[in-house]
Amino acid sequence: MSTSPITRTAAELADDLAAGATTSVELTRAHLDRIASVDGDATEGVHAFLHVDAEGALASAAESDARRAAGAPLHRLDGVPIAIKDVLTTRGLPTTCASKILEGWRPPYDATVVGKIRAAGLPILGKTNMDEFAMGSSTEHSAYGPTRNPWALDRIPGGSGGGSAAAVAAYEAPLAIGTDTGGSIRQPGAVTGTVGVKPTYGSVSRYGLVAMANSLDQAGPVTRSVLDSALLHELIGGHDPLDSTSVQQPVTGLVEAALQGASGDLSGLRVGVIKELAGDGWQPGVMARFQESVDLLTKLGAEVVEVSCPSFVHAMAAYYLVMPAEVSSNLAKFDAMRFGLRVVPDGQPSAEDVMKATRDAGFGDEVKRRIIVGTYALSSGYYDAYYGQAQKVRTLISRDFAAAYDRVDVLVSPTSPTTAFKLGEKLDDPLAMYLQDLATIPANLAGVPGISVPAGLADEDGLPVGFQVLAPALADDRLYRVGAALEAAHAAAWGGPLLAQAPALQEVAR
Ligand code: GLN
């Protein structure tokens with residue numbers, strides 16, 4: 001075992017636990033110490049966490065150790081600590097969605113994903129920072145201050161799940177859960193040099209995931225290795241009677257696919273490079289690293305062709321109508337009567353006055369902007385022109401995917417058009433911020449799965465670039481086969497994982 005357990009992958013930690021080389025209490029304490037030394041707060045440090053539950057994590061670690069000692073672990077990952085995005089409900093633990101409107105709310109129930117994690121014995125370190133209600137690409141829309149990118153603390157960690165990605169990149173947690181409505185797992189993965197997976201829509205329960213846009217939201221793994229994502233994905237996936245959109249199918253074969261992929265043989269695999277997701281406006285260093293990874297796939301035996309998905313150019317426009325429409329309906333429940341904040345104006349305010357004052361104080365600008373756009377798009381007279389049109393575009397995007405998957409097994413693109421930008425750089429320009437998800441949004445609109453794996457560092461700024469692989473619905477195993485093959489080939493070329501090259505993380509011995 002290396003000097004510090006915190007740089008080890010979850011699979012390695014699981015092996016250490018199984019071999020009796022460490023204990024869950026020791027691992028959990030090492031990660032809590034790391035959080036204490038690098039996480040800081042709203043003004044300095046990584047600030048990946050909104051809430052750290054040291055006591056709860058150590059208590060469940062002790063229980064895990066007792067099970068191991070009795071020879072009865074609940075799961076291979078029993079005892080490996082994890083961090084959870086603050087958009088998933090955790091019984092008794094604060095759940096704010098990074099909004100003032102939910103400050104102080106402690107849910108009375110666990111999200112199904114959280115329940116499965118507890119049932120497998122993983123200690124929960126705490127809740128991670130995010131853009132308010134998952135709206136954003138930089139984590140700067142958090143009401144509690146931004147998360148900073150561990151590669152360069154003056155840069156954004158991506159969003160909305162910047163907290164989960166930064167926690168994993170900064171070795172504060174070996175595993176984390178994120179959610180992806182338009183790219184919030186994959187884009188933070190890309191800009192922090194970590195692995196992020198958006199599973200097939202409906203294959204991981206949304207019960208207890210505070211909804212931003214129900215028809216797009218999907219929880220998934222955030223890790224430092226492809227194998228770790230496969231392990232976590234299998235753990236959290238599967239049918240859930242509490243989620244009416246849950247797929248009636250078990251989630252299996254992912255770990256096997258990752259192991260197979262790591263052996264490095266991709267012969268027989270057909271790969272499509274999406275023509276529309278490249279070109280002008282894409283950072284040169286991002287395109288260079290992307291092309292290198294494509295060449296690697298060819299070297300590993302894959303057959304690579306260019307594929308056109310003409311409707312993808314309309315994906316952003318469709319997403320920014322469908323998503324706010326769902327937001328305007330979903331966020332209506334924050335009415336000052338049921339959860340969290342209640343602001344009561346002076347005098348004799350009506351219920352409506354209280355709602356107005358509470359929403360005014362409780363929601364941030366980006367949330368208000370989306371509620372207004374969504375309400376407008378759904379209003380009578382505009383419904384067909386905007387929402388109806390967007391739904392039609394959504395169908396065209398699904399058809400593009402279907403036609404592409406007649407020819408190829410997986411589609412690939414850069415995950416994000418740029419590397420991590422500076423904090424504050426795009427805060428006043430919502431459209432520039434929205435463009436970060438150009439390449440990730442089509443998968444959400446069509447419900448298909450996607451992974452982002454590290455592709456190297458851009459020449460111009462030395463910051464991580466992500467490589468995205470997309471597969472047909474319920475063929476998530478292909479993401480792991482291709483992702484693990486690329487990861488192994490890159491590690492051989494780089495002499496180890498990409499994160500080992502992060503300047504700000506050098507003090508952690510590998
Ligand atoms: N950045 C996109 C948005 O702001 C996606 C966010 C997400 O996936 N939750 O909507």
Side-chain angles (χ1 to χ4, degrees), residues 84-88 97-99 128-142 146-147 156-165 176-192 196-199 201 204 206 209-222 315-328 330-331 363-374 377 390 394 415-418 420-421 425-427 429-452 466 468 470:
I84 312 269
K85 187 177 180 183
D86 205 27
V87 71
L88 289 147
C97 302
S99 180
T128 57
N129 200 7
M130 54 187 279
D131 286 294
E132 186 175 1
F133 287 108
M135 301 178 192
S137 299
S138 70
T139 315
E140 291 167 295
H141 294 310
S142 167
T147 296
I156 60 105
S160 65
S164 286
I177 295 290
T179 62
D180 192 311
T181 305
S184 284
I185 290 177
R186 289 163 288 159
Q187 181 257 9
V191 302
T192 59
V197 179
K198 182 201 97 71
Y201 181 78
V204 174
R206 284 186 303 104
L209 192 179
V210 180
M212 170 181 169
N214 319 45
S215 75
L216 303 160
D217 296 341
Q218 190 61 92
V222 176
M316 283 273 299
Y319 173 83
Y320 277 95
L321 284 166
V322 172
M323 174 274 296
E326 295 187 28
V327 162
S328 73
N330 279 323
L331 271 59
F363 286 142
D365 288 350
E366 183 61 24
V367 173
K368 286 176 184 157
R369 178 158 35 234
R370 294 187 190 203
I371 293 172
I372 292 167
V373 170
R394 196 170 181 177
T415 308
S416 175
T418 72
F421 46 91
E425 196 179 312
K426 296 191 200 293
L427 208 43
D429 188 352
L431 289 181
M433 188 80 88
Y434 297 170
L435 284 171
Q436 285 295 305
D437 295 314
L438 209 62
T440 46
I441 279 173
N444 300 80
L445 288 170
V448 303
I451 189 172
S452 178
Q468 174 174 245
L470 302 170

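In listed order, ligands and their atoms are each counted from 1. All heavy atoms count here, side chains included; hydrogens, waters and symmetry mates do not.
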Report, in ascending order of atom number, the atoms of ligand 1 lying under 4.0 Å from any heavy atom of A134.
6 (C), 7 (C), 9 (N)
Answer side chain, backbone, both or neither: which part of F133 comes under 4.0 Å from ligand 1, heavy atoms only.
neither
Is there at least one pair of N or O atoms, one from M323 and one from ligand 1, spaced under 3.5 Å apart?
no
Please name all residues satisfying side chain to side chain contact (heavy atoms under 4.5 Å, CB included) with E132, sequence neighbours left out, ordered by chain then number.
S99, F363, V367
For atom 10 (O) of ligand 1, grab the closest protein heavy atom and report residue, atom and distance to one decimal in Å.
Y319 OH, 2.6 Å
Derivation of the side-chain contact (heavy atoms from CB on, under 4.5 Å) call for L88 and V210
CA-CA 6 Å; L88 289 147; V210 180; over 6 Å; no
Measure the CG-OG1 distance between L438 and T415 for me, rounded to the nearest 0.5 Å.
12.0 Å
Side chain or backbone of M433 under 4.0 Å from ligand 1, or both, or neither, by non-hydrogen atoms?
neither
Taking the side chain as every heavy atom from C-beta outward, state whether S138 and K426 have any pair of such atoms under 4.5 Å apart.
no
Flag M212 as yes when one of its N or O atoms lies below 3.5 Å from any N or O atom of ligand 1, and as no otherwise.
no
List ligand 1 atoms under 4.0 Å from G136, heavy atoms only on the residue side.
1 (N), 2 (C), 3 (C), 4 (O), 6 (C)
Non-hydrogen side-chain atoms of Y434 and I441 separated by less than 4.5 Å:
no
Give me the atom names and distance for the closest heavy-atom approach of A211 to L331.
O-CD1, 4.0 Å
Quick one: are R370 and M212 in side-chain contact, heavy atoms under 4.5 Å?
yes
In the protein, what heavy atom is nearest to atom 2 (C) of ligand 1, and what distance, to one decimal place, separates them?
D437 OD2, 2.9 Å
Out of Q436, H141, R370, who gets a non-hydrogen atom closest to atom 4 (O) of ligand 1?
R370
Please indicate whether any nitrogen or oxygen in D180 is less than 3.5 Å from any nitrogen or oxygen in ligand 1.
no
Using a 3.5 Å cut-off on N or O atoms only, is S137 in polar contact with ligand 1?
yes
Could you list which atoms of ligand 1 come closer than 4.0 Å to a heavy atom of G182?
5 (C), 7 (C), 8 (O)
Are any of the side-chain heavy atoms of M433 and L427 separated by less than 4.5 Å?
yes
Considering only the protein, which heavy-atom contact is closest to atom 7 (C) of ligand 1, and what is its distance?
S184 OG, 2.3 Å
Examine G159 against ligand 1 and note whether any of their N/O atoms are separated by less than 3.5 Å.
no
Exam field: side chain D217 to backbone T179, donor-acceptor pair closer than 3.5 Å:
no
Only heavy atoms of Y320, strictly under 4.0 Å: list the atoms of ligand 1 that pass.
2 (C), 3 (C), 4 (O), 10 (O)
Using the salt bridge (Lys or Arg N to Asp or Glu O under 4.0 Å) rule, collect all pairs that involve residues 442-451, keeping only residues at least two apart or in two chains.
none
